[in-house]
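Data first, discussion second: the structure below is written as structure tokens.
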Protein chains: 2
Amino acid sequence: MAKGILENNENYQPGLSIDCVIFGFHDNQLKVLLIKTPYEDKWSLPGGFVPIDQDIDTAAVTVLNKRTGIEGIFLRQFATFGRVKRNDKHFENKILEHLKIPEKARKWFTQRFVTIGYYALVDFLKAIPQKENNKGSIEWIDHKEVPELILDHKEILDKALHTLRIELNLMPIGYNLLPEKFTMPELQKLYETILDKKLDRRNFLRKINNIGILNKLEEKKSNVAHKAPNLYVFDKDKYEEVLKNGLNQGW
Amino acid sequence: MAKGILENNENYQPGLSIDCVIFGFHDNQLKVLLIKTPYEDKWSLPGGFVPIDQDIDTAAVTVLNKRTGIEGIFLRQFATFGRVKRNDKHFENKILEHLKIPEKARKWFTQRFVTIGYYALVDFLKAIPQKENNKGSIEWIDHKEVPELILDHKEILDKALHTLRIELNLMPIGYNLLPEKFTMPELQKLYETILDKKLDRRNFLRKINNIGILNKLEEKKSNVAHKAPNLYVFDKDKYEEVLKNGLNQGW
DNA sequence: AGTACATTGCGTCATAATAACACATTAAGC
DNA sequence: GCTTAATGTGTTATTATGACGCAATGTACT
């Protein structure tokens, strides 16, 4: 919840919020950063409100930065959710009381909200979940084991993943999700996890190499079971270029 | 401008608007439906506000329906625009006076607005531009000859076209842009116009046919110069199926 | 040390998709 | 009837994709 919002409603854009679907990758699993709500047994996406003097993109960056502690990450708006009924039952009186929201601020919280969805791809190891005032809990959760979410947050999460899957065909990914040096099997696992589909090792290698954004290092990964795989890094310049121009332009 | 908004601000979601980029196709040109603003020599996208008790998608349908008179059209949300400065200079006093907006309503119009962009594909011949109270003017304008637009509407239009170009690879189009019976050269021209690129006749035919959404009719187009082209119709069932499942799934 | 096993690197082959191009057909206009 | 411009229907070379074979490498076990 945004700082000072209880005292200064008028400093925020009314009826508008930001919700972020923050993806990370760890242990061959796609993780999503979720927050446990203090007042009921559900979870929510990290979100916030939009300061009246701040661009919506900036407000999204603020949410992300506040929750992960990192900057300069991949962040993209993917949809805006505005069904009337999406929050009409949410902030009931008992919840407002539990949150100790003063009477005069309640109207602000119970108004109709439209929310703008952003999704982010971040480095799991660099992104340290940040609690709100050291209270509550925030955790990385396997996207296959997402618990019940408040409001329409499940729908938002699903839409984010769907968008990510489609955009896999339009842009390279991995730079923000993997450590600097990584192996081909790791990159492949990332794709397989996002797509929820097995890919052929050898065809994957060929296709990824054809994009031309990887540099193979001399070193191999050490301390691994079985044959040591090669290490790769992204060629940042080429990566950015492909990100900008897109790939796979059908027509 | 939405009905009753001057008297009943509180019936609308504050600081939120809808803008529609309505595309049509005629004379081998991609057209955009634009409105001449009465108070200055600029044009704007057709838009509206969001009734407090209406889904945003419904509000977008309302705008579209009001401006074209048609229903059941292809309409898709593509982005939300929320820079702080996007409308801070727009509704200056002289404009508010010109619009005869009463003093107490001015605060509503001068607040910060975030707008949700939708784009639509409609049949040029069926969509008859509808004026506001028979005042002002609304016209189909060639997308290559778009005049100066208010606010960030040019940016919104560009983003819509960019989205449409990308989505050409993910879905079939034409059903909402062409008459029921059409020729292959017409469909090709549509693609060429949207993409702003020449395509090879024979390769285009093969690729379109492989999608499997067209039925060739027995008849040919009559009263044409040169060789009479075949007529086609979309197979609605297959079209809808491909629309839903998408095409060209890279991975 | 030797062997089984899992995993990686690198390659082949058949098929499908794409790009570039040739030629015959049809109708209008002179 | 001839020219012209557009359409219908191919062919061929190149590239991308999908399915699969096999040798190399390191761990674990006997």
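Side chains are part of it too, since the values below use all heavy atoms of this structure and drop only hydrogens, waters and symmetry mates. Here the structure is a predicted model, which is why all the values come from computation and not from measurement. Numbered from 1 within each chain, the chains take letters A, B, ... in sequence-line order.
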For B:Glu240 and B:Lys236, what are the C-alpha separation, side-chain angles and deciding distance, and is it a salt bridge (Lys or Arg N to Asp or Glu O under 4.0 Å)? CA-CA 6 Å; B:Glu240 292 295 340; B:Lys236 190 70 193 301; 3.4 Å; yes
Would you give me the side-chain donor-acceptor pairs under 3.5 Å for residues 150-159 of chain A, sequence neighbours excluded?
from     : atom 1 : to       : atom 2 : distance (Å)
A:Asp152 : OD1    : A:Arg86  : NE     : 3.3
A:Asp152 : OD1    : A:Arg86  : NH2    : 3.0
A:Asp152 : OD2    : A:Arg86  : NE     : 2.7
A:His153 : ND1    : A:Leu45  : N      : 3.0
A:Lys154 : NZ     : A:Asp158 : OD1    : 3.2
A:Lys154 : NZ     : A:Asp158 : OD2    : 3.1
A:Glu155 : OE1    : A:Arg83  : NH2    : 3.2

Contact check, side chains of B:Asn65 and B:Thr62, non-hydrogen atoms, under 4.5 Å: no
Starting at the 5' end of nucleotides 7-14 of chain C, put B wherever the base has a protein heavy atom under 4.0 Å, S where only the sugar-phosphate does, and a dash everywhere else. BBBBB---
Nucleotide range of DNA chain D lying under 4.0 Å from chain A heavy atoms: D:dT17 to D:dT27
Here the distance between atom P of C:dT18 and atom CG of B:Leu199, to the nearest Å, is 12 Å
Do A:Met171 and A:Phe74 come within less than 4.5 Å of each other through their side chains, counting heavy atoms only? yes
Is the phosphate of C:dA17 approached by B:Lys207 (side-chain N or O, under 4.0 Å from OP1 or OP2)? no
To check you understand the geometry: which heavy-atom pair defines the closest contact between A:Phe182 and A:Val233, and what is its length? CE2-CA, 4.0 Å
A:Leu33 versus A:Lys31: any side-chain heavy-atom pair under 4.5 Å? no
Pairing donors with acceptors under 3.5 angstrom, does anything connect the side chains of A:Asn203 and A:Arg206? yes
Is any side-chain heavy atom of B:Leu125 closer than 4.5 Å to one of B:Pro179? no
